[in-house]
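Since this is a predicted model, take the numbers as computed values, not measurements.
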Amino acid sequence: MSKFIPTIGIEVHVEIKSKSKLFSSSANTYGMATNTAVNVIDLGYPGTLPTVNKEIVRQGIRTAHILNCDITRRMHFDRKNYFYPDNPKNYQITQNRTPIGRNGYVEIEVDGVKKKIEIEELHIEEDTCKSAHRGSVSLLDFNRAGVPLIEIVTKPCISNSKEAMAYLTKLKELLFYANISDCKMEEGSMRCDANVSISKDEKLGTRTETKNISSIHNVGLAIEKEIERQEEVLRSGGKIYEETRRFDDKLGETILMRVKETGNDYRYFIEPDIPYLELTDEFINESLSTLPLLPDELREKYSKVGLSSLQIEKLINNR
């Protein structure tokens, strides 16, 4: 029986460290009382105007640099239009056509083999507010509305769950060391979606997306279970559909949330209330000047003074 070949891509949303939100002066914080870190811009009041937080652009430049991306020098923000209760403006401000970083990579090592996980793009965007479902009622906490995010999207170049977990571990380590994010997955400051497809040849199969996986360990499990599920469906003569799924860690399987019957039409257009941003060499160099030594640089430094690999990893694991 011929074997199926998995193809995996990972999308990561990372909350960015800053004192205030992306487009307003509300505090960018976690754990405050519900709906207290909020103002009229976060609530989407008519007539309010966004103001770009310069520190988030700096953090975007740092992220692009540590992930070996080309930095976009002239960029704009876009409106992504969709209607959902957690989206008070009925659009999200994001970067569609001019992401701050493109064509990067993260180098991993699995079972002694090194591989570059290619990054398609990374872009800056605002978070939505947080929904809490209580029976037939949904409650909204606007403290998260407008929190700055960077979305990091790989190419479909990951071959198995081990590579996916190694990539996320390395990504988390880099972002944490660079002081870009605290990467606390249990608090939602790093959220992962896994796109999985399988086929018997080089042609890509139909992919499914498993959203908001809560830990790196569960990303590995979710990918393995989704590959198993797709293999069972195809071997029994069934068909894989484009679906959004979630991983239930108690059941140990992916669960259908919704079928993507048609492509989403977000009607992207350039955000009219924010001018184009021009990133100068001076601003980029200033942004990068505050980067500390990164883990692989420290590993090399510690190795030169004779520390063992075990000692080095103990030091690296305690920033």
**OP:** Give a yes or no on this: more than 12 heavy atoms of other residues, nucleotides or ligands lie within 6.0 Å of atom CD of Glu109.
**Re:** yes
Subject >> Joint cluster assignment, Met32 & Val38, ILVMFWY side-chain distance < 4.5 Å >> reply: no
Original post:
With a 4.5 Å heavy-atom cut-off, do Asn96 and Lys80 have their side chains touching?
Top reply: no
Subject >> Check: Ser303 and Ile312 side chains under 4.5 Å, non-hydrogen atoms >> reply: yes
**OP:** Report yes if the side chains of Glu271 and His76 come closer than 4.5 Å at any heavy-atom pair, otherwise no.
**Re:** no
**OP:** Give the intermediate values and the outcome of side chain to side chain contact (heavy atoms under 4.5 Å, CB included) for residues Asp78 and Tyr266.
**Re:** CA-CA 11 Å; Asp78 299 275; Tyr266 291 121; over 6 Å; no
Original post:
Could you walk me through whether Glu126 and Lys89 pass the side chain to side chain contact (heavy atoms under 4.5 Å, CB included) check?
Top reply: CA-CA 12 Å; Glu126 60 181 340; Lys89 298 192 296 287; 2.8 Å; yes
**OP:** Check Leu122 against Pro99 and note the closest heavy-atom contact, atom names and distance.
**Re:** O-CB, 3.3 Å
Original post:
Rounded to the nearest 0.5 Å, what separation is found between the CD1 atom of Ile119 and the CD1 atom of Ile117?
Top reply: 9.0 Å
**OP:** Validate the cation-pi geometry between Arg74 and Tyr276: distance from NZ or CZ to the six-membered ring centre under 6.0 Å, angle to the ring axis within 45°.
**Re:** yes
**OP:** Would you check if the side chain of Asn28 reaches a backbone N or O of Ile16 as a donor-acceptor pair within less than 3.5 Å?
**Re:** yes
**OP:** Would you check if the side chain of Asn143 reaches a backbone N or O of Ala33 as a donor-acceptor pair within less than 3.5 Å?
**Re:** yes
Original post:
Quick one: does Glu11's side chain get under 4.5 Å of Glu209's, heavy atoms only?
Top reply: yes
Subject >> Non-hydrogen side-chain atoms of Met185 and Met190 separated by less than 4.5 Å >> reply: yes
Subject >> Inter-residue atom distance Ser189.OG - Glu186.CD, 0.5 Å rounding >> reply: 7.0 Å
Subject >> Modelled atom types, side-chain donor and acceptor of Thr208 and Gln230, under 3.5 Å >> reply: yes
Original post:
In this structure, are over 12 heavy atoms from other groups packed under 6.0 Å from Glu300 atom CD?
Top reply: no
Original post:
Just by modelled atom types, is the Thr34 backbone N or O under 3.5 Å from a matching donor or acceptor in the Asp141 side chain?
Top reply: no
Original post:
Can you tell me how far CG of Leu204 sits from CG of Asn195, rounded to the nearest 0.5 angstrom?
Top reply: 11.5 Å
**OP:** Indicate whether the side chain of Gln92 and that of Asn87 have a donor and an acceptor atom separated by less than 3.5 Å.
**Re:** no
Original post:
Do Glu125 and Thr94 have a side chain donor and acceptor closer than 3.5 Å?
Top reply: yes
Original post:
Looking at Ile316 and Tyr302, what are the two nearest heavy atoms and their distance?
Top reply: CD1-CE1, 4.2 Å
**OP:** Determine the minimum heavy-atom distance between Ala222 and Thr210, stating which atoms define it.
**Re:** CB-CG2, 4.4 Å
Subject >> Minimal non-hydrogen separation, Ser215 against Asn218, with atom names >> reply: OG-N, 3.0 Å
Original post:
Quick check: are there more than 12 heavy atoms from other residues, nucleotides or ligands sitting under 6.0 Å from NZ of Lys162?
Top reply: no
Subject >> Beyond-backbone contact of Leu293 with Tyr177, side-chain heavy atoms, under 4.5 angstrom >> reply: no
**OP:** Give a yes or no on whether Phe247 and Ile223 share a hydrophobic cluster (residues Ile, Leu, Val, Met, Phe, Trp, Tyr; joining criterion: side-chain heavy atoms under 4.5 Å apart).
**Re:** no
Subject >> side chain to side chain contact (heavy atoms under 4.5 Å, CB included) evaluation trace for Ile66 with Leu175 >> reply: CA-CA 8 Å; Ile66 67 173; Leu175 293 168; 4.2 Å; yes
Subject >> Asn81 side chain to Arg267 backbone, donor-acceptor under 3.5 Å >> reply: yes
Subject >> Atom CD of Glu278 with >12 non-hydrogen neighbours under 6.0 angstrom >> reply: yes
Original post:
Between atom CD1 of Ile240 and atom CD of Glu226, what is the distance when rounded to the nearest 0.5 Å?
Top reply: 7.0 Å
**OP:** Is it possible for you to say whether Ile100 and Tyr268 belong to one hydrophobic cluster, with membership spreading through side-chain heavy-atom contacts below 4.5 Å?
**Re:** no
Original post:
Between the side chain of Glu151 and the main-chain N/O of His123, is any donor-acceptor distance below 3.5 Å?
Top reply: no
**OP:** Evaluate the side-chain proximity of Arg73 to Ile284: yes if any heavy-atom separation is below 4.5 Å, no if none is.
**Re:** yes
Original post:
Is the shortest side-chain N to carboxylate O distance from Glu297 to Lys301 below 4.0 Å?
Top reply: no
**OP:** Quick one: closest heavy-atom pair of Ser161 and Ile8, and the distance?
**Re:** N-CD1, 4.5 Å
**OP:** Decide yes or no on side chain to side chain contact (heavy atoms under 4.5 Å, CB included) for Phe23 and Val52, but give the supporting numbers first.
**Re:** CA-CA 5 Å; Phe23 299 116; Val52 177; 4.0 Å; yes
Original post:
Are side-chain heavy atoms of Lys115 and Val110 found at a separation under 4.5 Å?
Top reply: no
Original post:
Does the side chain of Asn39 come under 3.5 Å of the side chain of Ser26 through a donor N or O and an acceptor N or O?
Top reply: yes
**OP:** Using only heavy-atom distances, determine whether the side chains of Arg62 and Thr290 contain a donor-acceptor pair under 3.5 Å.
**Re:** yes
Subject >> Donor-acceptor contact below 3.5 Å, side chain Glu163 vs main chain Ser159 >> reply: yes
Original post:
Looking only at atom types and distance, does a side-chain atom of Arg79 sit under 3.5 Å from a main-chain N or O of Tyr91, one as donor and one as acceptor?
Top reply: no
Subject >> All ring pair (Phe, Tyr, Trp, His ring centres under 6.0 Å) counterparts of Tyr167, not counting sequence neighbours >> reply: none
**OP:** Please report the shortest heavy-atom distance between Ser197 and Gly205, naming the atom on each side.
**Re:** CB-O, 3.5 Å
**OP:** State whether Asp193 and Arg191 are salt-bridged, where the test is any N-O pair (Lys NZ or Arg NE/NH1/NH2 against Asp/Glu carboxylate O) under 4.0 Å.
**Re:** no
Subject >> Asn179 versus Lys17, side-chain donor and acceptor atoms under 3.5 Å >> reply: yes
Original post:
In the single-linkage hydrophobic clustering (I, L, V, M, F, W, Y; side-chain heavy atoms under 4.5 Å), do Leu221 and Ile213 co-cluster?
Top reply: no
**OP:** Please determine if Lys21 and Asp127 form a salt bridge, counting it only when a charged side-chain N lies under 4.0 Å from a carboxylate O.
**Re:** no
Subject >> Tyr30: which of Glu15, Glu187, Arg144 passes side-chain contact (heavy atoms from CB on, under 4.5 Å) >> reply: Glu187
Original post:
Would you call Lys170-Glu173 a salt bridge at under 4.0 Å N-O?
Top reply: no
Original post:
Of all residues at least two apart in sequence or in a different chain, which pass the side-chain contact (heavy atoms from CB on, under 4.5 Å) check with Phe283?
Top reply: Lys54, Val57, Arg58, Ile61, Leu279, Thr280, Glu286, Ser287
Original post:
Is Tyr45 reachable from Ile93 through a run of hydrophobic residues whose side-chain heavy atoms are each under 4.5 Å from the next?
Top reply: no
